Amino acid sequence: MSLRILKNCVIFDGRSEALIEGGSIVIENDRIREVSTGEACVAGAEVIDMGGRFVMPGLLDLHFHAYSISLNMALVDNMTLPLKVAHAARLLKGALHRGYTTVRDPGGGEIGLHLAISQGLMEGPRLHYGGKALSQTGGHGDVRPEHQVESPCGCSLNNTFNEVVDGVENVRKFCRNELRKGADHIKIFISGGVSSPTDPIWMPHYTDEEIEAAVHETRTRRKYVVAHCHTDDGARRCLKLGIRSIDHCTIITQETANLIAAADGSTYAVPTIAVMEQVMRHGPELGLRAESLEKIKVVHASAYQSLEYLKRAGARIGMGTDLFEERFHPMQSQEFSFRSEIFSPIDLLRSATSINAEIMQKTGLLGSIEAGAYADMIAIDKNPMRDIHVMSRPDENFSVIMKGGEFVRRRI
């Protein structure tokens with residue numbers, strides 16, 4: 001049995017704005033055993049003086065693609081699986097060393113990566129995966145250009161991140177199979193997207209009946225549906241049809257933001273600002289086609305206003321990033337700064353910890369410092385409640401990163 005005590009901490013528990021000054025955290029194996037307001041004493045425990053550092057739960061990123069090697073989907077699809085896994089290992093390790101102790105992969109991540117991390121064969125965050133996402137023919141996940149002919153075998157498109165699935169019964173069967181393989185959630189595209197060639201952003205995807213089939217199947221497993229959704233109409237469909245996580249949520253009205261807030265924990269917005277900034281700033285060098293460069297202008301123009309609406313409504317908002325290419329993955333940490341003119345530091349810290357855990361149905365296990373939770377924590381040399389931008393410089397400011405009671409980084 002492993003016992004550790006982190007003493008002399010300034011503790012943010014993931015929820016309360018009131019910090020515990022001079023607190024202690026007792027860790028037994030991979031869990032938090034006790035949180036105290038003063039010094040704790042446990043026989044045989046290793047005691048580590050945190051020197052008054054700000055200690056908070058490890059970060060969660062709810063929109064992270066382990067196979068986000070390139071925005072050139074054909075390039076990724078034509079890689080051998082061992083090469084893709086090697087790239088994924090670097091991306092996952094990078095996220096962990098930025099303080100993200102948990103990531104949710106809504107498209108591409110699967111049981112093999114999860115087992116490799118959990119068995120210690122690969123260094124990375126806790127990986128919650130949805131398997132392959134569902135796209136209708138001609139939807140956001142259908143990356144075939146207009147001039148590409150049908151497959152001679154009549155097979156549906158099946159690539160690294162998603163599969164083209166049409167019809168209620170096919171949706172139902174596909175979801176059942178991904179859930180059989182341990183998927184933590186199911187992702188479905190219900191609006192157009194930026195990187196896909198033939199679907200306008202405003203285009204609604206899937207019928208209500210197809211979406212309801214996916215929602216029904218996840219609920220039989222006590223799991224949930226994640227939607228790729230940019231539009232106001234799409235967000236309202238999510239609310240109506242029982243989708244829990246509205247990812248991107250970029251072009252909504254104040255009225256829809258109010259409805260998300262009123263959903264009271266059944267539907268959440270998970271904006272992904274980092275990827276929009278990446279594409280706006282670097283779209284041409286990423287090799288995006290002209291139509292995608294036009295689409296990002298539409299999405300980017302509305303995204304921050306949508307955040308304003310959600311903030312004004314009092315919605316519970318999660319955090320994701322959705323970045324592609326290893327050289328751009330450090331922008332993951334800048335999600336805090338991108339949102340900082342709209343949200344207070346406590347709002348942002350909650351989004352990346354306890355609210356994200358709530359969305360994932362992992363309250364009390366992830367995203368908090370409390371008895372029974374996993375001992376996933378970061379210690380920061382400066383207080384991010386006073387300056388949220390310290391979160392954007394993890395190499396400089398994070399002196400400790402811990403996952404499951406073991407040190408990923410220890411500079412004290």
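All values derive from a computational prediction rather than experimental measurement.
Side-chain N/O atoms of Asp233 and Thr231 include no donor and acceptor closer than 3.5 Å. Between the side chains of Ser337 and Ser340, no donor-acceptor pair is found at a separation under 3.5 Å. With 3.5 Å as the limit, one finds a donor-acceptor pair spanning the side chains of Glu277 and His300. With no hydrogens or angles considered, no side-chain donor-acceptor pair links His329 and Gln332 at under 3.5 Å. No hydrogens or angles considered: nothing links the side chains of Ser16 and Asp13 as a donor-acceptor pair under 3.5 Å. Side chains of His140 and Ser135: no donor on one and acceptor on the other come within 3.5 Å. Residues Ser245 and Arg104 bring a donor and an acceptor atom of their side chains to less than 3.5 Å of each other. A donor-acceptor contact closer than 3.5 angstrom links the side chains of Thr137 and Asp166.
A donor-acceptor contact shorter than 3.5 Å links the side chain of His114 to the backbone of Leu127. Within the 3.5 Å criterion, the main-chain N or O of Ile69 finds no donor-acceptor partner in the side chain of Lys84. No side-chain donor-acceptor contact under 3.5 Å links Ser70 to the backbone of Val76.
Within a 6.0 Å sphere centred on CZ of Arg386, other residues, nucleotides and ligands contribute 12 heavy atoms or fewer. Within a 6.0 Å radius of CD in Glu341, no more than 12 heavy atoms belonging to other residues, nucleotides or ligands are found. Within 6.0 Å of CZ on Arg222 lie no more than 12 heavy atoms contributed by other residues, nucleotides or ligands.
Asp208 is linked by a salt bridge (Lys or Arg N to Asp or Glu O under 4.0 Å) to Arg237, Lys240, counting only residues two or more places apart in sequence or in another chain. Annotation: side chain to side chain contact (heavy atoms under 4.5 Å, CB included) contacts of Glu370 (sequence neighbours excluded): Arg15, Ser368, Ala373. Under the rule for a ring pair (Phe, Tyr, Trp, His ring centres under 6.0 Å), His87 has no partner lying at least two apart in sequence or in another chain. Applying the ring pair (Phe, Tyr, Trp, His ring centres under 6.0 Å) test to His128 and every residue at least two apart in sequence or in another chain returns nothing. Residues that satisfy the side chain to side chain contact (heavy atoms under 4.5 Å, CB included) test with Leu121, not counting sequence neighbours, are Ala116, Gln119. Every residue meeting the salt bridge (Lys or Arg N to Asp or Glu O under 4.0 Å) condition with Glu294, not counting sequence neighbours, appears here in chain and number order: Lys297. Not counting sequence neighbours, the partners of Ala74 by the side chain to side chain contact (heavy atoms under 4.5 Å, CB included) test are Asn72, Asn78. Scored by the salt bridge (Lys or Arg N to Asp or Glu O under 4.0 Å) test, Glu46 finds Arg4, Arg410 as partners (sequence neighbours excluded). Applying the ring pair (Phe, Tyr, Trp, His ring centres under 6.0 Å) test to Phe54 and every residue at least two apart in sequence or in another chain returns nothing. Listed by chain and residue number, nothing satisfies the ring pair (Phe, Tyr, Trp, His ring centres under 6.0 Å) test with Tyr206 (two or more places apart in sequence, or in another chain). Listed by chain and residue number, nothing satisfies the salt bridge (Lys or Arg N to Asp or Glu O under 4.0 Å) test with Arg312 (two or more places apart in sequence, or in another chain).
Here the side chains of Ile260 and Leu239 are in contact, with some heavy-atom distance below 4.5 Å. Side chains of Phe174 and Glu217 form no contact here, defined as non-hydrogen atoms less than 4.5 Å apart.
In this structure, Phe189 and His228 have perpendicular ring planes: the angle between them is above 60°, well past the 30° mark.
Listed by first and then second residue, the side-chain hydrogen bond (donor to acceptor under 3.5 Å, both in side chains) pairs that reach into residues 19-35 are Glu28-Arg33, Arg31-Tyr374, sequence neighbours excluded.
Between Asp105 and Lys187 there is no salt bridge, since none of the side-chain N atoms of the basic residue sits less than 4.0 Å from a carboxylate O of the acidic one.
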Side chain to side chain contact (heavy atoms under 4.5 Å, CB included) between Ile25 and Met377, intermediate numbers included:
CA-CA 10 Å; Ile25 304 165; Met377 289 173 277; 3.7 Å; yes

